[in-house]
Each structure stands twice: as structure tokens, then as C-alpha cells.
> 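Shown below is the structure under consideration.
Every heavy atom of this structure was used, including side-chain atoms; hydrogens, water molecules and symmetry mates were not.
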Amino acid sequence: MPTRTLYVSAEDEAVWRSAQDAEGEGSLSKVVTTALTEYLNSRTPEHDDDLQDERRLADRELLAVIRGLIRRHGVHDTSWAFGYALYQEGKARSMAGVKGRRTLGSQGRKAAAKKAVDTKGVDGRQRAARKAAATRKARVRN
């Protein structure tokens, strides 16, 4: 019989242990094989063709919008706006943005305050408190 090795991340280990406990004396290979079979059966070629058709239709609609923008505003302005939109999207998805969104809420503020205490001392706590207050005010305004 062929052998396969699966490496399980630390956060997924609990799921694997639960599956192993539910399986009892049996092997997990049957559970994994069944799950993979169901997954592969759900990805039928017809389903993929439907997705391709939807993508082609969406691409045509998007191209029509872009052509309209170019006709109305010219290539230079449209390309500038497109570049700026890409920049803004990248900025929103940057790690700083992601980290900022994660630290909202009481748990995040507590974690940030703890980090400030551990790494920056009294001045760091004061800066973190001012920043948290500004964040709360900004969230209230929005």
C-alpha cells in the first residue's frame, strides 16, 4: 500500500484529534479519503464550465465599463485613476491595515496596552492610550 504523510498545523491539531477519537480504533485514512472523494465529486466539469461562462460575462461587462471611462475621461486620467485605486486597495490590505483592524475592540486594545507595557514603559502606555482613544473616536464618527 502506498504511504502518504500529512503535516497538521498546530491550530488544526484539535480537529484531527477529535476525528481520531470519533473514529475509535479505525484509521483516519478512510475519513480523509471519503472527504476528498466528496470534495472532488462536488467539482464537476459542468460546474467549472458554468464558472467560466460567468467569468467571461463579468469580464465583458468590466471591459465595457473601462472602455466607457476611457472614452469619457481619456486614457491618461483613466489610467491614473486605476493606478490610484490599486494603490488604495494595496494600502487597505497592507499588514499595518490588517493589524489595525485586528486590534480594534477591547481584547485588541488590552493586547496593545500589554505590549506597550512590556516594551515601552510608562511613555509607551500613554502613547498607546492616546492612540486607542483616537481610534475609538474615529470609530464613533464612522
> Out of curiosity, does Leu36 fall in the hydrophobic cluster containing Val8 (side-chain heavy atoms, cut-off under 4.5 Å, transitive links)?
yes
> Kindly compute the distance separating CG (Asp77) from CZ (Arg72), expressed to the nearest 0.5 Å.
12.5 Å
> Once rounded to the nearest 0.5 Å, what's the spacing between atom CG of Leu62 and atom CD1 of Ile66?
4.0 Å
> Identify the heavy atoms of Leu69 and Thr78 that sit nearest to each other, and give their distance.
O-OG1, 3.3 Å
> In terms of ring plane angle, is the pair Tyr87 and Tyr84 parallel, tilted or perpendicular, where the classes change at 30° and 60°?
tilted
> Using a strict threshold of under 4.0 Å (side-chain N to carboxylate O), is an ion pair present between Arg56 and Asp53?
yes
> Does the Ser79 side chain pair with the main chain of His76, one donor and one acceptor, at a distance under 3.5 Å?
yes
